2 protein chains.
Amino acid sequence: MRSGPNAVAMSTTFPELFDRFSAALLPAETPDATILRFRSIARAIRLDSHGHAEFDPKAEQLAFVCVGSAKLVARASGGREQVVSFHFAGELACVPGGALHAYSIEALTPCELLAFPVGEFLDLARSEPAILSEVCDRVMVALHRASEKSVALGRKTAQERVCSFLVGMTERIGVRQGNGFAMRLPMSRRDIADALGLTNETISRQFAELRMSGIIETSGRSLVTVPDIGSLRDLGGYMQLPERNAA
Amino acid sequence: MRSGPNAVAMSTTFPELFDRFSAALLPAETPDATILRFRSIARAIRLDSHGHAEFDPKAEQLAFVCVGSAKLVARASGGREQVVSFHFAGELACVPGGALHAYSIEALTPCELLAFPVGEFLDLARSEPAILSEVCDRVMVALHRASEKSVALGRKTAQERVCSFLVGMTERIGVRQGNGFAMRLPMSRRDIADALGLTNETISRQFAELRMSGIIETSGRSLVTVPDIGSLRDLGGYMQLPERNAA
DNA sequence: TTCCTTCATTGATCCGTGTCAATGAAGAGA
DNA sequence: TCTCTTCATTGACACGGATCAATGAAGGAA
């Protein structure tokens, strides 16, 4: 693992970081010996805002976000960047290895991670089915998010992509406000664009349209409020499932 | 589960189908009782070419492809279709449940599947860590394919997408021929288009260009030969990794 | 506070791919 | 074999979002 220019800064000690990982993924009955072995293969990564961590491109990693938020970025030729996924504290990111694109993790806010080589991680997890099961669940959630994202990237208009993105974010980091939500987006317009296969200009224009239609309100660069989540969802290009009667 | 107009046709018996699943995913030492329980939650799906299987949109499924090949399709509003992934015999497809798009599995060739409700499947798998581990591996492979696909859908030109697709297919179903590969694509141009976020016309035009450049040769609708896989890979828009010296 | 850099916004123009339309080839079934 | 349907191919044109360019707002640093 190699860290970028903005790496290193934080406060949290390794034991504190490991405790957060342990609380989220290791069940209470995990034997101490197993816990120690997880600890021995964990590598702490501390990133300032915009700091980035590059990994050995051959070796797949699991990265647990202990503190802050980050993006998993893939690079194609010509410096093109695609944000594969955003991750918040408590989530697990899978960083592919041996792939045809170059992957890295970049901090959206000051961020602390624990990185594990997948092979060793799964070897340990095999001894504790509950851990394996938890990891399996989380990877499936990631796969479903990726599947839903394929639809957006492959078949949706700019407006639908932006609305889908906002709907997803309200579910992950929004706080309820009446019929709607408020949230502070930790990523820039450019990050959103790189996640949705668009440009920052297009994101700005779509935000402007949504603001004018009263679908969203913004304040400063990062605060977004959605007065009525239903109207945002209606613009997301989703399949209208007949059984959406539950209000 | 509900099957479409072209469902039902085949020959293979349920025990034969289950044996293929069992050989691929259940280790030799799996207790008979566990095997029987897997058998009791497995549902056989037999599809003619173009047949499709719809699932309860609330209930996530794991579908093991015993025979043939299939596509996992998501539908958005306005009848738009996105092919999330292609699957060949021996592979495991994750069909999302409770999602904002409607998913189905559609046969590319006559096809036989075993479908399992995820919850019950994982409950059983927890009793056998080796099974859980195998499933986890396969889901991670699917996630990596999805990540690589995000880059294509979000940031690549039509030509790069088609080349990436062909590179991926040579790796999965190609047979080596000198420096290159030959393969019989079971999916139509339209299927490829729906997988790459393009139209069938654009696929045709890109195939025409690649034919003219001598990068590929085609024969009939489905046979594609790639004389030199290197030149195809060069057009895929991949990150040029410095350590690609291994010839 | 004030500066200064980064990020967001808005406008004008261009281009890649979609759309619409017509023709041709493949391959299944009688 | 011949027919008939489906799929692939090719062309003309339109349009959504990219690109290029300029201005303005946020918010961190001193």
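Computed from a predicted structure; not experimentally measured. Here is the naming used below: chain letters follow the sequence lines, and residue numbers restart at 1 for every chain. Only heavy atoms go into these numbers, but all of them, side chains included; no hydrogens, no water, no symmetry mates.
Contact check on B:Glu91 versus B:Arg172 returns a salt bridge, with a Lys/Arg side-chain nitrogen under 4.0 Å from an Asp/Glu carboxylate oxygen. Salt bridge B:Glu160/A:Arg80: present, at least one basic N to carboxylate O contact under 4.0 Å.
The separation between A:Leu210 atom CG and C:dT9 atom C1' is 15 Å, rounded to whole Å. Protein atom CD of A:Gln206 is 7 Å distant from nucleotide atom P of D:dG17, rounded to whole Å. Separating the CZ atom of A:Arg161 from the P atom of D:dG16 is a distance of 14 Å, rounded to the nearest angstrom. Distance, A:Asp48 CG to C:dT6 C1': 16 Å, rounded to whole Å. Rounded to a whole Å, the CG atom of B:Leu153 is 15 Å from the P atom of D:dG17. Atom CG of A:Asp191 is separated from atom C1' of C:dT6 by 13 Å (rounded to the nearest Å). Between the P atom of C:dA25 and the CG atom of B:Asn200 lies a distance of 18 Å, rounded to the nearest Å. Between the CZ atom of B:Arg80 and the P atom of D:dG16 there is a distance of 13 Å, rounded to whole Å.
Judged by atom type and distance alone, B:Arg205 reaches the base of C:dT19 through a side-chain donor-acceptor pair under 3.5 Å.
Crowding of B:Arg75 atom CZ: a count of heavy atoms from other residues, nucleotides or ligands under 6.0 Å exceeding 12.
Taking all atoms of both residues into account, the shortest heavy-atom contact from A:Leu114 to A:Phe21 is CD1-CB, 3.7 Å.
Using a 4.0 Å heavy-atom cutoff across all strands shown, A:Thr199 reaches at least one base atom of the nucleic acid. Within 4.0 Å of A:Arg155, counting heavy atoms only, lies no atom of the nucleic acid at all. No contact: B:Ile203 has no heavy atom under 4.0 Å from any strand.
Nearest to the side chain of A:Ala208, among D:dA18, C:dT19, C:dT10, sits C:dT10. In this structure, the nucleotide among D:dC7, D:dT10, C:dT10 sitting nearest to the side chain of B:Arg211 is D:dT10. For A:Arg221, taking side-chain heavy atoms from C-beta onward, the closest of the listed nucleotides D:dG27, D:dG11, C:dT9 is D:dG27. Picking from D:dA25, D:dT19, D:dT10 the nucleotide with the shortest atom distance to the side chain of B:Ser204 gives D:dT10. Taking only side-chain atoms of A:Arg189, from C-beta outward, the nucleotide of C:dT9, C:dT17, D:dG11 with the closest atom is C:dT9. Distances were taken from every side-chain heavy atom of B:Ala158 (C-beta onward) to each of C:dC7, C:dT17, C:dC20; the shortest belongs to C:dT17.
Contact annotation: B:His50 reaches the phosphate of D:dC7 (side-chain N/O to OP1 or OP2, under 4.0 Å).
If you check the side chains of A:Ser231 and A:Asp234, you find no donor sitting under 3.5 Å from an acceptor.
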